Amino acid sequence: MPVLSRAELSRTGVVFVALLLAAVSSSMRATSAVAREFRAADTQAEDYPTVQALRYMGALIAERTKGRHEIKVFHSRQLGEEKETIEQTRAGAIDLNRTNVALIGNFVPAMNVLAMPFLFRSIEHMQKVLDGPVGSEILGSFEPYGFVGLAFYDSGARSIYNGVRPVKTIADLKGLRIRVQQSELMSQMMRALGAEPVELPYGQVLTGLANHLIDGAENNWPSFVTTNHYKHAGHYTLTEHTMSPEVLVISLKAWNSLSAEEQTIFKEAAQRSSRFMREKWHDLEEQSQRKAQEAGVTIIRDIDRKPFEDAMAAIYAKAARDPAAAALIERIRKVE
């Protein structure tokens with residue numbers, strides 16, 4: 001064996017200790033960095049299907065990561081209205097966010113296509129689009145805007161309701177002040193139908209209806225009932241003008257903090273939570289419609305949808321100016 005001088009022995013010892021400390025430090029960083037609680041935002045109530053789905057996803061992630069990662073769900077607008085939480089998620093202050101595509105469309109252009117009125121022929125058509133290659137490509141388009149798309153949740157079909165009169169034709173909408181989401185596309189749609197759009201945060205709609213600041217709004221069955229809107233808007237017209245889904249996103253900052261293996265776990269858990277959510281959603285839709293009927297809400301089912309669809313011509317003409325949007329609309333319509 002070579003004989004080392006005292007100086008060489010000293011240098012060797014220093015190197016060994018340094019390597020040992022680096023290894024321990026690296027191990028400690030790996031252990032502490034991975035253990036994290038992710039904050040998820042949802043504006044809906046605690047028992048709403050999307051909130052249940054987020055908790056289900058969190059349970060799957062906790063199980064797969066052996067408790068290193070957990071998701072804490074803030075429901076009922078605890079972290080703010082959707083528009084605010086989207087901005088916070090983009091900045092990395094909120095980790096996960098469940099939002100409607102119409103609102104996140106202000107940041108991610110492809111989302112505006114999914115919010116287009118009368119785009120999907122049925123719920124089945126929408127699900128086939130979102131579960132296939134088109135849906136995967138759309139989720140993959142979020143990163144340049146500060147998000148990563150994880151999964152789509154169902155949101156049913158949105159219809160118009162009001163407390164003034166039954167809406168049986170497009171003429172019946174003239175002059176009605178109808179709340180829409182904080183989205184220029186939704187305002188354009190309502191103006192095209194002859195109504196006056198009023199952009200309001202979701203949490204202010206009940207007060208607006210109760211105080212007659214607005215005449216009505218547009219939403220799906222569960223939102224119409226769980227928010228008590230049905231108590232102030234007794235006419236529900238099945239226009240089913242949009243079937244825009246919900247989308248679950250994670251901030252790019254939070255996503256980049258995960259290892260490749262953990263990213264796979266998050267994506268798989270999100271996809272499973274989407275299937276879980278659909279089952280819960282279907283049950284809640286039936287319960288909500290039944291509750292509205294029992295409360296005496298007038299449901300107008302037999303309407304001629306063609307005039308409503310024809311009124312969207314200018315909106316589609318404007319969308320067609322964008323080659324990417326026009327191509328996506330065409331691909332969606334071709335899905336059988």
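Here the structure is a predicted model, which means the values were calculated and not measured.
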Cation-pi geometry met for R272 and Y56 (6.0 Å, 45°): no

R36 to F38, cation-pi by 6.0 Å centre distance and 45° axis angle: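 Geometry flag: set, cation within 6.0 Å and 45°.
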
E261, CD atom: more than 12 neighbouring heavy atoms under 6.0 Å: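 For E261, atom CD is not crowded (no more than 12 foreign heavy atoms under 6.0 Å).
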
Flag if over 12 foreign heavy atoms under 6.0 Å of CD, E309: yes

For residues 313-328, which side-chain N or O atoms pair as donor and acceptor with protein atoms under 3.5 Å away, sequence neighbours left out?
| residue | atom | partner | partner atom | Å |
| --- | --- | --- | --- | --- |
| Y316 | OH | P117 | O | 2.7 |
| D322 | OD1 | A324 | N | 3.0 |

Assess whether a salt bridge exists between [X] and [Y], defined as any Lys/Arg side-chain N lying under 4.0 Å from an Asp/Glu carboxylate O.
{"X": "D310", "Y": "K306", "answer": "yes"}
{"X": "R331", "Y": "E137", "answer": "yes"}
{"X": "E268", "Y": "R64", "answer": "yes"}
{"X": "R39", "Y": "D95", "answer": "no"}

Distance-only polar pair, side chains of [X] and [Y], donor-acceptor under 3.5 Å:
{"X": "H229", "Y": "Y161", "answer": "yes"}
{"X": "S155", "Y": "E246", "answer": "yes"}
{"X": "T85", "Y": "N97", "answer": "yes"}

Value rounded to 0.5 Å, distance of CZ in R305 from NE2 in H241: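 Between R305 CZ and H241 NE2, I get 10.0 Å after rounding to 0.5 Å.
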
ring-ring contact (aromatic ring centres under 6.0 Å, His included) partners of Y230, counting only residues at least two apart: none

Ring pair (Phe, Tyr, Trp, His ring centres under 6.0 Å) partners of residues 123-150, not counting sequence neighbours, each pair once: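 Non-adjacent pairs meeting ring pair (Phe, Tyr, Trp, His ring centres under 6.0 Å): F120-H125.
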
Intermediate values then yes/no, salt bridge (charged side-chain N to carboxylate O under 4.0 Å, His left out), E82 and R77: CA-CA 8 Å; E82 277 186 271; R77 302 184 298 280; over 6 Å; no

Criterion side-chain contact (heavy atoms from CB on, under 4.5 Å) on V247 and Y153, from CA distance to verdict: CA-CA 6 Å; V247 64; Y153 288 166; over 6 Å; no

Considering all heavy atoms, the nearest M57-S273 contact: CB-CB, 3.8 Å

Exercise: identify the closest heavy-atom pair between I178 and M190: CG2-CE, 3.7 Å

Sidechain-backbone polar pair: Q52 side chain, D47 backbone, donor-acceptor under 3.5 Å: yes

Sidechain-backbone polar pair: N100 side chain, A102 backbone, donor-acceptor under 3.5 Å: yes

